[in-house]
Amino acid sequence: MKIATFNINGIKARIGALTDWLDEAQPDVVLCQEIKSVDEAFPREPFEDRGYNVETHGQKGFNGVAILSKLPLEDVTRGLPGDDSDEQARWIEATVVGDSHAVRLCGLYLPNGNPVEFDAEGKPLRDGKYGYKLDWMDRLEARARALMAAEMPAMMAGDYNVIPQAEDAAKPQSWETDALYLPQTRAAFRRILNLGFTEAFRARVQGPGHYSFWDYQAGAWNRNNGIRIDHLLLTPQAADLMTDCVIDKAVRGREKPSDHVPVWVTLAA
DNA sequence: ATGTCGCTCTATGAGCGA
């Protein structure tokens with residue numbers, strides 16, 4: 001079973017690039033972020049024509065997540081638990097059943113968190129957009145604990161907006177005061193990993209120079225000034241099934257690309 | 001040093017978010 005995460009940065013602008021990639025890579029499931037569309041306006045036909053079931057959790061203009069799946073999507077839920085007042089569409093879950101295992105899939109678009117406000121001592125304030133990011137990560141940790149307690153194959157995959165380590169950025173020093181790389185951000189990410197999740201890519205590939213996002217600005221792609229912020233976190237029961245994990249870097253060099261590329265795993269499920 | 005893109009609004013570009 002081939003499962004991908006892909007921040008597509010606007011579904012209407014990415015239909016061609018996304019269908020081209022689907023036809024070539026043939027994933028069974030794609031967890032999409034930043035669809036930037038309400039559910040009613042999501043263009044389902046190009047994907048249904050290719051045999052994908054489509055479940056969306058959208059909002060107008062910003063954010064929004066979706067799941068495309070050649071397997072039936074069961075028990076679909078929308079929204080990250082823990083704050084009924086949160087109106088941002090950043091979380092969707094569903095279960096797929098393979099030949100040998102059922103897998104719970106969580107697609108997420110973690111808040112960016114910039115700009116960060118700092119106090120007089122240079123400490124980031126748990127306020128504004130950065131506060132929302134850290135609060136959201138606390139809720140993510142709670143959901144992660146519940147998934148771990150279920151002792152089932154499950155994954156939480158998406159655009160985490162977290163650079164885990166210096167080796168995950170071409171120029172780590174330029175991110176030192178950024179919400180994607182602040183110590184508090186990385187610590188919150190580690191707290192989740194330390195519950196027992198396997199970060200799929202790092203279980204397969206070590207060392208620097210592996211990125212999943214290159215900014216549209218300042219020639220970031222041509223200079224390979226990238227960061228690795230799209231991650232797949234697997235429960236032990238899912239990690240036991242993993243046979244591969246790849247960043248589809250070449251997608252960034254094509255016509256009308258997203259600023260992110262797909263990252264996928266294969267599971268013997 | 002700077003460099004972009006996608007979206008909404010009611011527009012013919014500005015503002016926002018990333």
Side-chain angles (χ1 to χ4, degrees), chain A residues 5-21 30-44 46-47 56-66 80 86-91 107-117 124-125 127-137 140 157-164 168-182 185-186 188-189 211-231 249-263:
Chain A
T5 176
F6 192 179
N7 180 323
I8 55 175
N9 190 20
I11 185 59
K12 287 187 265 305
R14 213 68 59 213
I15 293 174
L18 179 54
T19 54
D20 284 352
W21 180 73
V30 188
L31 305 166
C32 298
Q33 301 89 40
E34 282 205 89
I35 65 173
K36 297 186 177 179
S37 168
V38 293
D39 297 333
E40 312 83 76
F42 190 96
R44 308 173 68 92
F47 309 106
T56 62
H57 179 41
Q59 71 179 84
K60 184 181 275 196
F62 306 107
N63 308 322
V65 288
L80 180 64
D86 185 359
E87 295 183 349
Q88 299 190 29
R90 296 179 175 277
W91 181 269
L108 68 100
Y109 177 45
L110 203 149
N112 177 294
N114 285 304
V116 183
E117 297 172 71
L125 295 170
D127 208 348
K129 292 193 170 185
Y130 192 54
Y132 176 67
K133 178 176 192 148
L134 294 179
D135 289 346
W136 204 94
M137 294 183 83
L140 177 61
D159 177 358
Y160 276 74
N161 272 312
V162 174
I163 302 167
D168 297 310
K171 298 182 179 180
Q173 70 285 357
S174 70
W175 295 92
E176 279 173 1
T177 61
D178 192 284
L180 277 61
Y181 189 61
L182 281 170
T185 303
R186 294 189 279 144
F189 184 73
Y211 312 126
S212 65
F213 168 91
W214 296 259
D215 202 288
Y216 288 123
Q217 297 188 67
W221 169 246
N222 288 327
R223 296 164 187 257
N224 197 26
N225 180 15
I227 52 177
R228 195 176 67 89
I229 57 175
D230 298 273
H231 310 301
K249 178 178 182 179
V251 172
R252 185 63 177 81
R254 297 182 183 170
E255 288 293 303
K256 212 166 160 46
S258 171
D259 41 6
H260 297 249
V261 297
V263 187

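Below, chains carry the letters A, B, ... as their sequence lines are ordered, and counting in each starts from 1.
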Touch check for [X], heavy atoms < 4.0 angstrom, all strands: base, sugar-phosphate only, or nothing?
X: A:Ala218; value: base
X: A:Gly219; value: nothing
X: A:Tyr109; value: sugar-phosphate

For atom CD of A:Glu255, decide whether the heavy atoms of other residues, nucleotides or ligands shown that lie under 6.0 angstrom number more than 12.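 Count not over threshold, so no.
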
Count the heavy atoms belonging to other residues, nucleotides or ligands that lie under 6.0 Å from NZ of A:Lys12, then report whether that count exceeds 12.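 Enclosed: over 12 neighbouring heavy atoms sit under 6.0 Å from NZ of A:Lys12.
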
Within the 3.5 Å criterion, strictly below it, is a donor on A:Tyr211 or A:Asn224 matched to an acceptor on the partner's side chain? no

Does the side chain of A:Asp178 pick up a donor-acceptor pair with the side chain of A:Asn114 at under 3.5 Å? yes

Taking the nucleotide of DNA chain B with the nearest heavy atom to each, does A:Lys60 or A:Pro111 sit closer to the 5' end?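 Looking at DNA chain B, the more 5' nearest nucleotide goes with A:Lys60.
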
For A:Lys12 and for A:Asn114, locate the closest nucleotide of DNA chain B by heavy-atom distance; then report the residue assigned to the nucleotide nearer the 5' terminus.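 The 5'-side residue here is A:Lys12.
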
Evaluate the ring planes of A:Phe189 and A:Tyr160, with Trp represented by its six-membered ring, and classify them as parallel (under 30°), tilted (30 to 60°) or perpendicular (over 60°).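 The arrangement is perpendicular - the two ring planes meet at more than 60°.
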
Write down the distance separating the [atom1] atoms in [N] and [M], rounded off to the nearest Å.
N: B:dC7; M: B:dT2; atom1: C1'; result: 24 Å
N: B:dT4; M: B:dT10; atom1: P; result: 27 Å
N: B:dA1; M: B:dG6; atom1: C1'; result: 25 Å

Please identify the 5'-most and 3'-most nucleotides of DNA chain B with any atom under 4.0 angstrom from a heavy atom of chain A. B:dG3 to B:dA18

Just verifying a value: how many Å separate A:Asp259 CG and A:Tyr216 OH, rounded to the nearest 0.5 Å? 4.0 Å

